[in-house]
Amino acid sequence: MVTPENLSGDTGGRREPLRFDQDASATAVDMDTAIVLLGAGVTAITHPLLYVKLLIQIGHEPLTPTVGTTMFGRKVLYLPGFFSYAQHIVRVDGKMGLFRGLSPRIMSSAISTMVRSKVKQAIPAEQAEHVSNRDDLKTSLRKVMKETSHEMVIQCLSRIATHPFHVISVRCMAQFVGREVKYRGLFSSITKIFNDEGVGGFFVGVVPHVLGEVIFLWCCNLLAHFINTYAVDDNFSQAPAVRSYTKFVMGIAVSVLTYPFMLVADLMAVNNSWWLVFPLTLPSLSPGSTVGLI
């Protein structure tokens, strides 16, 4: 017999999955929004560091090296460090000058987050399993290779989608050297690059950038896997803690090897994008003197 109670119960039972899907979708959207906002904040905080690094990469030396001595009493010339460089930028452009080229980087961070989220939904990764030194070598290595391949696809698609904004940001920051105003706002820079170089101008340097990230990802994951599997014994009480930091330490070591790829990518993005050619001059050094960095 159909009663109002049964009818309401049936209706509620049929609507529950829909309500659950809506809640899950809303939660996913809120999570993506939080990640985008967090990424924008981190990008803004770390932008001056990357700005100074880029100017050093392209060989801009606006400050004269200072004479100093090492702990062994040897005279050296110290090149300016981050704080000296940042103070010089503030003197020239003001405090807001430290954030030149920030808007393309924030846009790049937001797009990267959305691309990663969509790719993970379209290509879900297999559930990660604990790998110990008692697992079969082929089985455990196959797991790591599958996980790394999945991460590689996400990283490559994210890099290709965000590289145009990386090019715009790099060129905006590099204008500090020649005091040009060729690349100003985000949309005007897009129009300028498209008119001057076409679509290919947005992907200058993408090959070494992607190649460097792929090499970094594979080397980091494989080295961390072999260390966690064969160097860390499960009988060790702090084994889980050691395994949690292995990939981080390997990332620092491998980044030194893949840095040349990132350097080439940045130089390719800047090459032939301005008219001023500036020479790199250093004061004459006395015999036996060296150059350091502070």
Take Glu180 and Lys192 through the salt bridge (charged side-chain N to carboxylate O under 4.0 Å, His left out) test and state the conclusion after the steps.
CA-CA 14 Å; Glu180 294 111 350; Lys192 187 65 177 176; over 6 Å; no

Give me the atom names and distance for the closest heavy-atom approach of His88 to Pro62.
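For His88 and Pro62, the tightest heavy-atom pair comes out as NE2-CB, 3.4 Å.
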
Can you see which heavy atom on Pro48 is nearest to which on Phe82, and at what distance?
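Smallest heavy-atom distance, with atoms named: O-CE1, 3.6 Å.
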
Going by salt bridge (charged side-chain N to carboxylate O under 4.0 Å, His left out), name the residues that satisfy it together with Glu213, two or more places apart in sequence or in a different chain.
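Partners of Glu213 under the salt bridge (charged side-chain N to carboxylate O under 4.0 Å, His left out) test: Arg159.
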
Does Arg116 have any salt bridge (charged side-chain N to carboxylate O under 4.0 Å, His left out) partners at least two apart in sequence or in another chain, and if so, which?
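In terms of salt bridge (charged side-chain N to carboxylate O under 4.0 Å, His left out), with neighbours along the sequence ignored, Arg116 is linked to no residue.
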
Residues clustering with Leu211 (ILVMFWY side chains joined when closer than 4.5 Å, directly or via others):
Ile215, Phe261

Exam field: side chain [X] to backbone [Y], donor-acceptor pair closer than 3.5 Å:
X	Y	result
Gln57	Asp266	no
Ser117	Thr113	no
Ser255	Gly251	yes
Thr70	Arg74	yes

His163: which residues meet the ring-ring contact (aromatic ring centres under 6.0 Å, His included) condition with it, sequence neighbours left out?
His166, His209

Restricting to side-chain hydrogen bond (donor to acceptor under 3.5 Å, both in side chains), what partner residues turn up for Asp196, sequence neighbours left out?
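With sequence neighbours excluded, Asp196 shows a side-chain hydrogen bond (donor to acceptor under 3.5 Å, both in side chains) to no residue whatsoever.
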
Can a donor-acceptor pair be found between the side chains of Ser112 and Ser158 at a distance below 3.5 Å?
yes

May I ask you to check whether over 12 heavy atoms, not counting those of Tyr259, lie within 6.0 Å of atom OH?
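Check passes, neighbour count above 12.
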
Would you say that Phe202 contacts Ile190 through its side chain, given a criterion of any heavy-atom pair below 4.5 Å between the two side chains?
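Counting from C-beta outward, Phe202 and Ile190 do come under 4.5 Å.
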
Tell me which pairs pass salt bridge (Lys or Arg N to Asp or Glu O under 4.0 Å) where either residue lies in residues 98-112, with sequence neighbours left out.
Asp93-Arg100

